[in-house]
Amino acid sequence: MKKVAILVSGGGSNMLTLCDSMVADHPARPVLVLSNDPNAKGLERATARGLTAAAVDHRQFGKDRAAFEAELVKLLDAAEPDIICLAGFMRVLTASFVERYAGRMLNIHPSLLPKYKGLNTHARALEAGDAEAGCSVHIVTPELDDGPILGQARVQVAPDETAETLAAKVLIQEHRLYPAVLRRFAKGDNTPVELT
Ligand code: GAR
């Protein structure tokens, strides 16, 4: 059975759908939910589900990313995860952290990568007049929102779409895509998942 740690910064809806998927014949189980924000709603929701949850408050480390990440590493390595899922984790990770978990850290990003790396993805898709938008799950590499794509899901952009309505539509697809990719990845299969 593969062990999965999930990193969150906010509401944790992707974390919950991942945890809900890891039951029965699923090849993995959640072992730890970790956040950079002690007040993240996702931590509360994880604890309420009986999951082990912890926080390392990045604000206590100022600009010292290495010191922040050293604390993350302590907690992560104690849980011995085979796979780490970033699920709305909003801190940029250093190359040395990423390399420590090379090939076993996944991220979900709310755009059809390689388009719109970084923030405000939905507003940027609308600004560009894109007819479709979506989300991607990829293996994390030191370059931000880069790395081999393990799956994408697409939505059509409606004529009256706003960044908020688009975010809500894409989030529904994120909740389908991430569990589908994780199930495949945990079995050692990196064939991209394509959802429509
Ligand atoms: C999701 O839309 C996720 O794709 C995005 O943050 C949201 C978290 O929601 N992630 C990023 O923008 C990462 N750069 P959640 O906390 O409800 O899962």
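Order of appearance sets the numbers: ligands from 1, and atoms from 1 within every ligand.
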I'd like to know whether ligand 1 has I108 as a neighbour, heavy-atom separation below 4.0 Å. yes
Donor-acceptor contact below 3.5 Å, side chain R65 vs main chain V92: yes
Least distance between heavy atoms, G103 atom then F185 atom: O-CZ, 3.3 Å
Sub-3.5 Å N/O-N/O distance, N107 and ligand 1: no
For the residue pair H58 and F68, does the interplanar ring angle fall in the parallel (under 30°), tilted (30 to 60°) or perpendicular (over 60°) class? perpendicular
Enter the distance from N107:CG to D145:CG here, rounded to the nearest 0.5 Å. 6.0 Å
Grab the two heavy atoms, one from D82 and one from R104, that are nearest each other, plus how far apart they are. O-CB, 3.2 Å
As an exercise, identify every atom of ligand 1 less than 4.0 angstrom from a heavy atom of G88. 6 (O), 8 (C), 10 (N)
Is M90 near ligand 1, meaning one of its heavy atoms is under 4.0 Å from it? yes
Pick from E174, R45, H122: the one approaching atom 2 (O) of ligand 1 most closely through a non-hydrogen atom: E174
Polar atom proximity, N14 to ligand 1 (N or O, under 3.5 Å): yes
Protein heavy-atom partner closest to atom 12 (O) of ligand 1 - residue, atom, separation in Å: P110 CD, 3.5 Å
Quickly, which of I83, T141, L93 forms a side-chain contact (heavy atoms from CB on, under 4.5 Å) with M105? Name it, please. L93
Does any N/O atom on G12 come nearer than 3.5 Å to any N/O atom on ligand 1? yes
Should you measure from each heavy atom of H109, which atoms of ligand 1 turn up under 4.0 Å away? 14 (N)
Main-chain N/O of A67 paired to D64 side chain as donor or acceptor, under 3.5 Å: yes
What is the nearest protein non-hydrogen atom to atom 17 (O) of ligand 1, stated with its residue, atom name and distance? S13 OG, 2.6 Å
